[in-house]
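Indexing begins at 1, ligand by ligand and atom by atom, following the structure's order.
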Amino acid sequence: VTTTGLAGLPTPCLLLDRDRMQSNIDRMTQRAHALDVRLRPHVKTCKSIEIARLMTAPDRAAITVSTLREAEYFAAAGFTDILYAVSIAPQSVARVLALNAGGANVQVLLDAPETAREVAAGAAALGQTLHAWIEIDVDGHRAGLAPDDPLLIDVARVLHAAPEVRLAGVLTHAGGAYDCRSAIALERHAEQERRRCVRASRNLAAAGIPCPEVSVGSTPTALSASSLDGVTELRAGVYVFFDLVQAGLGVCGIEDIALSVLTTVISHNRAQRRLIVDAGALALSKDRGTAEQSRDCGYGLLMGPDGGQPIPGLRVAAVNQEHGIIELPPQSDFADFPIGSHLRVLPNHACMTAAAYDDYHVIDGRGDVLARWSRCNGW
Ligand SMILES: Cc1ncc(COP(=O)(O)O)c(C=O)c1O
C-alpha cells in the first residue's frame, strides 16, 4: 500500500529509493554481460529476498552470502546456488550439509588443509556431495593463499582426493581496491585481481587438479576491470545501493546512492551551533570509510527529506549511541532545521548502516512509501 510522503515514519529508519537501486542493478548486470562472465551478486549488503530477486532476475541464479543465516534465509526462499564466501568454521560444516540435504547447493570456502579435511570428513560421513572453493589472496588484504604458495596444491589435493567433495574453483576478493585513489589505480588493481586468481587456477591445473571456476570481485574492481579473461564469475554486492565510499572511489555519483537513513532533528545546541538528530552510531554505524579519501564525509552527508543533492557544508560530525551531531555551517540558520523536521543521511558504508535495521521502507522518486521489505540480520 502506498503511503504519501515520509512524514508519518518512525525515525531513524532506512529508506530505499527503488528507481536508483534498479539502475544500479542494471548497470552491474550489463557490466558482467559485457565482460562475458556470470554475475553472482553478493547479497550480504541487501540481505533481502525481494532485492536478491531483482539482482538475479530473471532466473534467480547464483548468489554469494556472508553468513549461514543468509544461506538458510535465501535457501528457504528458493535460491539454490549459494556460495558462502567466508572461510567455513569446522563446526559449521554440519549446518551446511543439513541445508543441502533439504535441496540447496550451498558451497563452502576454505584456505587451510585442516578445514579441507573437516569438509571432506563431514561430507563423507553423510555420503553427501559438497562443493568447495579455495580462497586466494591477491593483495594481502585479508585471508586466502597466494597463487604460488605450495599450500594451495596441498589444500587442493585433500579436496581432490575426497570422493564426496568437488573442487569448484578458486575465489578472491580484492579488498585492497578500497585503498586505491584513482581510476587508473583501480583498473590496475582489477587486473592484478584477475591475473593472480587465474594464475592460481593454472597452478592447480598444472598439478593435475582440475579447477573449473575462477571467481573474482568487489564493486570497485568489477566496475574498473578492462578484461576478465580467464575468469568465469564476478561477485559484487554494495553496488546495489552504492554509498559515499564508492562515490569517493569514483565508481558512482552521489546521486546514485539508493540508501539513506531518515532522521529527525531533536535538539538545537545554540551555544555550539550544533544540530542534534536521532540517528547516532547505532543507526548509521561508526564506519569511517571516507576518512582517508579526498572528501571526509564524517559519519554521513545530509540531504533534505526529499532527497536530491547533499546540503552544502553539512555532515554528521560525531555520533553517540543514539545522537548524531551536526555542526551548522555559517551560511545556515537553526530556523532552516526546526526541531521535529526530517533530514536524510547518506551512509559511508551501506552494508554496515543497513545492518542496524530489520527492514527497508521502499520509496519512489517522489518519496512515497511503496513497500516494506525485511532483512535477515545475525548469524
Ligand atoms: C568474498 C567477497 N566477495 C564479494 C564481496 C563484494 O564486494 P563489494 O562489497 O565491494 O561489492 C565481498 C565484500 O566484502 C566479499 O567479502
Side-chain angles (χ1 to χ4, degrees), residues 21 24-25 27-29 31-32 35 37-48 51-52 55-56 62-68 70-71 74 81-88 106-111 132-145 168-180 186 189-190 192-194 196-197 200 213-225 228 231-252 256-259 285 287 289-290 293 347-355 379:
M21 174 184 67
N24 297 341
I25 290 173
R27 180 176 169 204
M28 190 61 82
T29 305
R31 179 102 191 117
L35 289 164
V37 288
R38 169 173 67 241
L39 181 62
R40 184 188 284 280
H42 206 316
V43 295
K44 78 188 181 104
T45 310
C46 68
K47 299 190 189 236
S48 147
I51 299 171
M55 293 171 91
T56 55
I63 56 170
T64 316
V65 298
S66 64
T67 65
L68 286 179
E70 286 166 53
F74 288 101
D81 184 352
I82 301 172
L83 170 49
Y84 170 44
V86 175
S87 259
I88 181 98
V106 178
Q107 298 145 56
V108 298
L109 179 67
L110 54 91
D111 65 1
W133 297 70
I134 303 177
E135 184 164 13
I136 306 301
D137 178 6
V138 291
D139 57 12
H141 167 68
R142 197 164 62 192
L145 298 166
V170 284
L171 173 152
T172 196
H173 167 63
Y178 281 85
D179 299 327
C180 290
L186 275 175
H189 207 86
Q192 171 177 299
E193 178 184 44
R194 181 202 72 78
R196 293 190 178 167
C197 204
E213 302 277 350
V214 177
S215 179
V216 303
S218 69
T219 291
T221 54
L223 294 174
S224 306
L228 286 184
V231 168
T232 60
E233 71 169 33
L234 182 63
R235 303 177 329 281
V238 73
Y239 72 93
V240 67
F241 301 150
F242 283 126
D243 55 27
L244 292 169
V245 165
Q246 301 296 326
L249 286 167
V251 297
C252 72
D256 297 318
I257 301 174
L259 197 75
S285 93
D287 194 293
T290 57
Q293 295 185 330
N348 277 336
H349 184 176
C351 313
M352 300 297 263
T353 299
W379 294 266

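- Electrostatic pairing of Asp139 and Arg196 does not count as a salt bridge here, judged by no charged N lying under 4.0 Å from a carboxylate O.
- Annotation: side chain of Phe241 is not in contact with side chain of Asn24 (no heavy-atom distance under 4.5 Å).
- To the nearest 0.5 angstrom, Arg142 atom CZ is 9.0 Å from Thr172 atom OG1.
- Among residues two or more places apart in sequence or in another chain, the side chain to side chain donor-acceptor pair (under 3.5 Å) test is passed with Thr221 by Glu193, Ser218.
- Near ligand 1, residues His42, Lys44, Ala85, Arg142, His173, Tyr178, Gly217, Ser218, Thr219, Pro220, Arg235, Ala236, Gly237, Val238 each place a heavy atom inside the 4.0 Å sphere around the ligand atoms.
- There is no side-chain donor-acceptor pair under 3.5 Å between Glu213 and Trp133.
- There is a side-chain donor-acceptor pair under 3.5 Å between Glu70 and Thr67.
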